[in-house]
Amino acid sequence: MPQFYILSAMSQAKAYAAMSPTTPLQPWTFNRREPGDRDVRIEIAFCGICHSDLHTVRDEWGPAAYPIVPGHEIAGRVTAVGKKVRKVKVGDPAGVGCMVNSCRKCANCRAGLEQHCSGGLSFTYNSVDKDGTPTQGGYSSHIVVDESFVLKLAKHQPLERVAPLLCAGITTWSPLKRFGAKKGTRVGILGLGGLGHMGVKLAAAMGAEVVVLSGSAAKKADAKRLGAHDFVLTSDAAAMAKNAGRLDLIVDTVSGTHDVGAALGLLKTAGTLALVGASPKPLELPAFPLIIGRRTVAGSLIGGVAETQEMLDFCAKKKVYADVEVIAPREINTAYERLARGDVRYRFSIDLSRL
Ligand code: NAP
Ligand code: ZN
Ligand code: ZN
C-alpha cells in the first residue's frame, strides 16, 4: 500500500446525506481532497449516530447547510498519509471526533481547548474546513483530516464499539474529570441514552458511585448492568424527594426540554450540574434550588484533542466501550426514527463497509 499520495486530485467518497430537514437521508457521492503533507486518509469502518446528527439534519439548531453528511464518531483504518505526518501510519486504526481543524493560535487552542477556538473552529460536518470547502462527516466511505485532529486507537479493539467514544465518550469524560468524579464522589447521570450510558461506564470506571436519573423505568436493569449503583425514576416524586441532596455532580445529557430544577434538588450543597444535552428549546432555571443550595450549573462542549486521546487511552486500558446496535447504512433513517423516540440501547453504529 502506498505511504502517501502525491497527486492533488480528488477522490470520490460514497456517503449518506441529508438534502433537506424534512427528507430522509439518501445515498450520495462527493469529492474529498487527496491528503496534503499533513493529512491522513481514513477508511471509515464504523460511525456512531449521535443525537446531535439528528438535531443538525432536522435543522433544530440552525443554520444547517445542505447536503449534510452527518457523523462525528468515526473509527477506521489509515489508508494514506502525507509526507509530514508523524502521528499514524498506513494500516493503523484511527478515529475522528467532532472537530477537524482549528486556528491553533488562539489562547483556547494553545490551552488544549480547541473546541472553544476563537479563530474559527471546523466541525466535522455542517462547517467549513481551512481550505474553504464544506466539511462532511462520517456516514461515508473515507475521510481526509489534518493529523492534529486524528486520534490514535489501540490495536485489536472492537471499532464498532470504540466509534461512539469519539463524541459520547469525550463529552461525558470531560465534565466528569473537570468536576472531580472519583472514588468517594457521587455522580448522577441524567438521561440514559448514548451519552448517558457512556457517562455511567466512565464514572464507574473512575471509581465514583453512580446513580442513573432516568425518565424510563424500563432502563433500570440496564443501568445496573452498565455499572450504576442506583437508579432513580425522575417522574417518581417520592424517589426524587428521598434522594434530595445526595449527589456531588450531575451530568445532564437530556436532548430535550426537561425539569432542571428537579435535578438540582438532588445535588448536595455547592454541587454542580454539568449540562451537555443540547435542547433546541430553552430550559427553565428556577432560582431557589440554585441559590438555596449554593449550586452551580455549568456547560460543557465535547473535549479538546489531548483530552480525547487521554479518554481513548483510558478506555483501551480499562476496556470501556459503548453498547451498540450495528446497522447497515440503508437502516439510518429507521435508526433516526428510533433515536427520536428514545428507542436505542445505547448507540447505533453504522457499518460503512456495507455502503
Ligand atoms: P440520546 O441517545 O437520544 O439520549 C438522550 C436521553 O435523554 C434519552 O435516552 C432519554 O433518556 C432522555 N430524554 C430525551 N428526551 C427527553 C425529554 N424531552 N425529557 C426528558 N428526558 C429525555 O441522545 P445523545 O446522543 O445521548 O445526546 C444527548 C444530547 O446531548 C443531545 O441533545 C445532543 O445533541 C447533545 N450532545 C452534546 C454534546 C456536547 O458537547 N455538549 C455532545 C454530544 C451530544 P431516559 O430515557 O433515560 O430519560
Ligand atoms: Zn455527538
Ligand atoms: Zn483557536
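Basis for what follows: all heavy atoms, side chains included, without hydrogens, waters or symmetry-related copies. Every number for a ligand or one of its atoms is a count from 1 in the order of the listing.
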*Write out the residue and atom name of the closest protein heavy atom to atom 4 (O) of ligand 1, then the distance separating them to 0.1 Å.*
G193 CA, 3.3 Å
*asked:* Quiz question: by atom type and distance under 3.5 Å, do the side chains of R161 and S349 form a donor-acceptor pair?
replied: no
_Residue-ligand contact W61/ligand 1, heavy atom below 4.0 Å_ = yes
*Parallel, tilted or perpendicular: ring planes of H55 versus H51, cut at 30 and 60 degrees*: tilted
*Among all protein heavy atoms, pick the one closest to atom 21 (N) of ligand 1 and tell me residue, atom and distance.*
V254 CG1, 3.3 Å
*Determine whether any heavy atom of Q115 lies closer than 4.0 Å to an atom of ligand 1.*
no
*For the residue pair I143 and R41, establish whether any side-chain heavy-atom pair is separated by less than 4.5 Å.*
no
_Heavy atom of the protein closest to atom 5 (C) of ligand 1 (residue, atom name, distance)_ = S255 OG, 3.8 Å
*Close-contact set for ligand 1 against S216 heavy atoms, below 4.0 Å*: 45 (P), 46 (O)
*asked:* Could you tell me, atom by atom, which parts of ligand 1 come under 4.0 Å of a heavy atom of L339?
replied: 2 (O), 3 (O)
*Does ligand 1 have an atom under 4.0 Å from some heavy atom of S300?*
yes
_Candidate with minimal heavy-atom separation from atom 29 (C) of ligand 1, of L275, I302, T253_ = T253
*Polar contact flag for G194 and ligand 1 (N/O pairs, less than 3.5 Å)*: yes
*What part of T234 sits under 4.0 Å from ligand 1 if we count only heavy atoms: the side chain, the backbone, both or neither?*
neither
*Using distance alone, with no hydrogens and no angle criterion, decide if D129 and N101 have a side-chain donor and acceptor under 3.5 Å apart.*
yes
*Would you please classify the geometry between the Y336 ring and the Y139 ring as parallel, tilted or perpendicular, with 30° and 60° separating the classes?*
perpendicular
_Heavy-atom pairs closer than 4.0 Å: do any link ligand 1 to the side chain of H51, the backbone, both, or neither?_
both
_N126-Y66 side chain donor-acceptor pair, cut-off 3.5 Å_ = no
*Sum up the protein N, O or S atoms located under 2.8 Å from the Zn ion (ligand 2).*
3
*Counting only protein atoms, how many N/O/S atoms are less than 2.8 Å away from the Zn ion (ligand 3)?*
4
